[in-house]
> 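Got a structure for you, written out below as structure tokens; questions coming shortly.
Every number for a ligand or one of its atoms is a count from 1 in the order of the listing. Below, all heavy atoms of this structure are taken into account, side chains as well, without hydrogens, waters or symmetry copies.
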Amino acid sequence: TTIQLDRHTVKLGLAGKAELLEDINGELDLEQIIAMHQQGLFQPFTVAQSNRGVTRSHYWLAFTLVNESDEPLTWVLTPETSYLDDLTLYTRSQQDDWQRHVRSDHDVFNQRDQQYRLLNVRYSQAPQSTVQAYLKLSNRTLETVSIQGYVSEQGAFTDHLIEENLLFGIYYGLFFGMTLFAFALWRYSGVRKSPYFGYFFVYLSLSMLMWASLNGFSFQFLWPQHPWLFNQSFHIIYLGVAIFSFQFSRYLLNTPTLLPKIDKALLGLIAIYLLAIPLRLLGFYDLVLYISFFSLLSMTIQPLLGWMCYQRGNQYVVFYIIAWIPYSISLFASLISATSEWSTFGMSTLNMSQLAVLFECFMLVLAMLAKMKHSSHKLQAEAELSMIDSLTQLKNRRYIEQCSAQLAEQVESGVEYWLLLIDLDDFKQINDKHGHVVGDQVLQELATILKNECRSVDVAARWGGEEFVIITNVINQRMALIIAERIRRTFAKQVSQANGNQVPHTLSIGLAKWDAAGNQTFSHCFEQADQALYHAKQNGRNQVVSYHAELANEQIVTPVQK
Ligand SMILES: Nc1nc2c(ncn2[C@@H]2O[C@H](COP(=O)(O)OP(=O)(O)OP(=O)(O)O)[C@@H](O)[C@H]2O)c(=O)[nH]1
């Protein structure tokens, strides 16, 4: 049970080098402890005994520190956990009197010997000397207890701190970088109304706060003057982390729609966690401690939630599932370590969790990106669907309006568009004679002809009722007339069949050149095509009429062979 110190001693664990005594009621004083030690009531302290679970017990560690060098040596003693309430160290050098060093996380930060995130005692040991020590670790309330302690030579400890701070600097730098990136994503990508971003930010902030509390940085940087804030708030922070992680998941995964029953259960859990917050403020400490640990434990079901949503077709949640797996495993291990005596991992699981939460948040940002991409595809698909005519599966009038505006913007000089306005002849009679269903069938047959007669670069659409539109960019009027004439003839030849009856039909076409490059508006061109169509109807139907300037005054239209 002796600890040999030298200039290179860094974080030398007391396990294996100390003896342990549990003081269940915390009533024993130094005299009694010394007597019990002499009676052999202490037992060897091993790593396996460091996790004590949730307890009110106080613990004593007895050990001896030896400085064999010819120089004085200053050492620093630190505990395992940041949230230890009280640390009392009794030391006796050679035959001197016993000295008592009392440290508490209820004291303001700058009272600490070493400005370090964990409580500590600094002690200068004379050359060639032996120091006998009893270390008492205790909490003022029910708490998860891990009783390891570490001794370091001060110079070596300072070097170690440089490394540790660098690592934590990188860690928090990555966290803040990610927060900024997520914020920029939210601010500039048009998803400002998506609630999952809001929940993500709160979850991220609370997670950082929770881990800053658990690793002790909160005492150093967040509330150095008000350490009581930690003891009053940490269960509420746990609850907040759980509440916001579930809210984030509900919105990201869309559980209300995909998993309605499970979603109700999640809402139930959230309600319990919310209720626990005022209970804690009212003083129900022990109950809320267990609820808050349970809330963290319940978070580990989230990869499963992701998996269930994935199976129901939410393919974009893959990143979400990957995000949660390492964090769930390490959170689970941390909780087992903290609340039971089974695990020998000690607090290394907390370090694992800290790394895992960084990875998790990074993957959750990717998950949100994936969701945004998915949503924009869905919106695009919906937008496309809203521009399709359901009866004929041709594009509809809305599409033509949008597409003509785009064509007008992008048109290059020298490109000519031609507009064909197609209208069935006496369609009302077809409906009246054969019924609406047959009328629909005729419209569908015409749509098929238009699809076949158009090239992929042309646009064919149903303008409304029994009127159709084609925009084509053939090189001259002759080509446009050929296409129009081919459509007219094919439709006239193809007699429809309905209930054993033949349904003959014809159509008329008004043709107009759309001088988009010359700033002619589409609606102006449409009017001209409409005038041409009017003349075709006036002139006996079943024909193509091409618009020209004198048309409005002419009685005779341009006939095309029937
Ligand atoms: N079956 C069916 N009929 C439709 C649809 N949309 C419009 N109609 C009918 O199309 C007919 C158009 O009639 P009118 O505007 O008088 O034109 P028309 O009978 O074709 O005469 P002209 O155009 O002058 O040759 C009306 O009876 C509408 O009810 C549809 O989606 N399905």
> For atom 16 (O) of ligand 1, what's the nearest protein heavy-atom neighbour? Residue, atom name and distance, please.
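Answer, as residue, atom name and distance: Lys428 CD, 4.0 Å.
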
> Which ligand 1 atoms are under 4.0 Å away from a heavy-atom of Gly439?
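Going through ligand 1 atom by atom, the ones under 4.0 Å from Gly439 are 1 (N).
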
> Where do Leu258 and Arg312 come nearest, in terms of heavy atoms and distance?
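Shortest heavy-atom contact: O-CD, 3.4 Å.
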
> Do any nitrogen or oxygen atoms of Lys537 come within less than 3.5 Å of a nitrogen or oxygen of ligand 1?
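Yes: some nitrogen or oxygen of Lys537 is under 3.5 Å from one in ligand 1.
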
> Are any of the N/O atoms in Leu443 less than 3.5 Å from those in ligand 1?
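For ligand 1, there is no N or O atom that lies under 3.5 Å from one belonging to Leu443.
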
> What heavy-atom pair brings Ser207 and Val241 nearest, and what distance separates the two atoms?
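Taking Ser207 first and Val241 second, the nearest heavy atoms are N-CG2, 3.9 Å.
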
> Could you find the nearest protein heavy atom to atom 24 (O) of ligand 1 and give me its residue, atom name and distance?
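Result for atom 24 (O) of ligand 1: Arg541 NH2, 3.0 Å.
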
> What closest approach, in Å, do Met363 and Ala323 show between heavy atoms, and which atom pair accounts for it?
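Distance-wise, the nearest heavy atoms are CB-CB, 3.3 Å.
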
> Quick one: look up the protein heavy atom nearest atom 32 (N) of ligand 1 and list residue, atom name and how far away it is.
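Protein heavy atom at minimum distance: Asp440 OD1, 2.6 Å.
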
> Any idea which atoms of ligand 1 are less than 4.0 Å away from a heavy-atom of Leu424?
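This gives 20 (O), 22 (P), 23 (O), 25 (O) as the contact atoms.
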
> Identify the protein heavy atom lying closest to atom 10 (O) of ligand 1, giving its residue, its atom name and the separation to 0.1 Å.
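For atom 10 (O) of ligand 1, the nearest protein heavy atom is Phe427 CD2, 3.1 Å.
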
> Tell me which one of Tyr199, Phe197, Trp324, Phe200 satisfies ring pair (Phe, Tyr, Trp, His ring centres under 6.0 Å) with Phe248.
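When ring pair (Phe, Tyr, Trp, His ring centres under 6.0 Å) is applied between Phe248 and each of Tyr199, Phe197, Trp324, Phe200, only Phe200 qualifies.
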
> Would you call Arg462 a ligand 1 contact, heavy-atom distance under 4.0 Å?
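Per 4.0 Å heavy-atom rule, Arg462 contacts ligand 1.
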
> Counting N and O atoms only, with roles assigned by atom type, does the side chain of Asn215 sit under 3.5 Å from a partner on the main chain of Phe217, one being a donor and the other an acceptor?
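Yes; at least one donor-acceptor contact below 3.5 Å.
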
> Checking side-chain contact (heavy atoms from CB on, under 4.5 Å) between Gln477 and each of Val474, Ile475, Leu481, which is the one that passes?
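Of all the options given, the one that passes is Leu481.
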
> To the nearest 0.1 Å, how far is atom 25 (O) of ligand 1 from its closest protein heavy atom, and which atom is that?
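Checking every protein heavy atom, the shortest distance to atom 25 (O) of ligand 1 gives Asp426 N, 2.7 Å.
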
> Looking only at non-hydrogen atoms, which of Gln444, His434, His436, Glu466 approaches atom 14 (P) of ligand 1 most closely?
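When every heavy atom of Gln444, His434, His436, Glu466 is considered, Glu466 comes closest to atom 14 (P) of ligand 1.
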
> Please give me the minimum heavy-atom distance between Gln502 and Gln497, naming the atom from each residue.
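Minimum heavy-atom separation between Gln502 and Gln497: NE2-NE2, 3.5 Å.
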
> When only distance counts, is Gln429 in polar contact with ligand 1, meaning an N/O pair under 3.5 Å?
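N/O-N/O distance under 3.5 Å: no.
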
> Applying salt bridge (Lys or Arg N to Asp or Glu O under 4.0 Å) as the test, list every pair that has at least one member in residues 356-374; sequence neighbours left out.
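For residues 356-374, and leaving out neighbouring residues, there are no salt bridge (Lys or Arg N to Asp or Glu O under 4.0 Å) pairs at all.
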
> Minimum heavy-atom separation for Gln354 to Tyr171, with atom names?
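So the two residues come closest at O-OH, 2.5 Å.
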
> Go through ligand 1 atom by atom and flag the ones less than 4.0 Å from a non-hydrogen atom of Asp423.
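What qualifies from ligand 1 is 23 (O).
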
> Nearest 0.5 Å, what's the CE-CD1 distance between Met210 and Ile237?
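Reported value, rounded in 0.5 Å steps: 9.0 Å.
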
> Please write down residue, atom name and distance for the protein heavy atom closest to atom 9 (C) of ligand 1.
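Going atom by atom, the protein heavy atom closest to atom 9 (C) of ligand 1 ends up being Asn431 ND2, 3.3 Å.
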
> Going by the closest heavy atom to atom 6 (N) of ligand 1, which one wins out of Ala536, Ser508, Gly465, Gly435?
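The residue whose heavy atom sits nearest atom 6 (N) of ligand 1 is Gly465.
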
